[in-house]
Every structure is written in C-alpha cells, then in structure tokens.
Amino acid sequence: MSKVGIIGDKDTVMGFLALGLDIFPAYEGDEIKKTINRLAEREYAIIYITEEASLKAKETIAKYKDMERPAIIVIPGISGSMGLGMNEVRESAKRAIGADILFSE
C-alpha cells in the first residue's frame with residue numbers, strides 16, 4: 001500500500017496528522033535530505049514538503065523530480081506562501097506542454 005508523508009516544521013505538519021498523513025518534523029538541511037531519501041526508500045508515493053524545508057533540500061528534491069515515485073509536492077508552511085509551489089506547477093506544465101499556460105500578470 002502506498003503511503004503519504006509530509007516534511008516541514010512541527011507547527012505545519014502537526015495539522016496533517018488528523019488527515020492520516022505520516023508526519024516528519026524536520027528543520028535542518030541534512031535532516032530534511034535524509035528524511036526525503038528514507039521516505040523514498042520506504043515506497044512513499046507522495047511526499048509533501050513545506051516551502052521553507054524545500055529550500056534546504058533542493059538537490060535531493062531534484063534527484064526525484066523525473067521519477068515516477070515519490071511525487072514531491074511543495075506546499076506553503078504555516079507562515080504563508082512564498083510562491084514556490086506554484087512555480088513548480090508552472091515548470092512542470094511547461095515541460096509537459098512546451099508552453100507556459102499558467103502565466104499570471
């Protein structure tokens with residue numbers, strides 16, 4: 001059975017416990033990178049990661065970008081959106097379609 005997990009600051013991830021997601025509070029870059037790799041090895045299908053945490057693990061996230069599993073999805077943290085998640089969606093759409101259909105002005 002596929003699993004879903006979330007990585008980020010404790011205040012953000014605790015809310016997802018009620019939704020049945022496995023939570024992984026992590027703050028430091030090495031801790032975040034190790035957690036991503038561990039979840040990928042344990043066959044997590046989806047890993048949500050807060051924007052702040054994703055900035056500390058860019059290389060590790062990039063390693064899994066073109067793989068079928070896990071899907072690593074960047075979400076806003078408790079302090080609000082930095083726009084990183086939408087940028088990821090935009091870049092994925094551009095790669096798939098060949099044009100930026102999600103541009104905003």
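Atom set for the values below is all heavy atoms of this structure, side chains included, hydrogens, waters and symmetry mates excluded. The residues of the chain are indexed from 1 along the displayed sequence.
From Lys34, atom NZ reaches atom CD of Glu28 across 11.5 Å, with rounding to the nearest 0.5 Å. The structure places CZ of Arg42 at 11.0 Å from CD1 of Ile47, a figure rounded to the nearest 0.5 Å.
Only one option out of Ile73, Ile49, Ile32, Ile36 pairs with Ser54 in a side-chain contact (heavy atoms from CB on, under 4.5 Å); it is Ile49.
Here Lys33 pairs with Glu59 under the salt bridge (charged side-chain N to carboxylate O under 4.0 Å, His left out) rule; sequence neighbours left out.
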Mind running side chain to side chain contact (heavy atoms under 4.5 Å, CB included) on Lys3 and Leu39 for me, showing each step along the way?
CA-CA 9 Å; Lys3 301 177 192 174; Leu39 297 183; over 6 Å; no

Side-chain donor-acceptor pairs under 3.5 Å in residues 4-18, sequence neighbours left out?
| residue | atom | partner | partner atom | Å |
| --- | --- | --- | --- | --- |
| Asp9 | OD1 | Thr12 | OG1 | 2.9 |
| Asp9 | OD2 | Asp11 | N | 3.4 |
| Asp9 | OD2 | Thr12 | N | 3.0 |
| Asp9 | OD2 | Thr12 | OG1 | 3.0 |
| Thr12 | OG1 | Ile78 | N | 2.9 |

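Contact annotation: the side chain of Tyr44 approaches that of Asp22 to within less than 4.5 Å [non-hydrogen atoms, C-beta and beyond].
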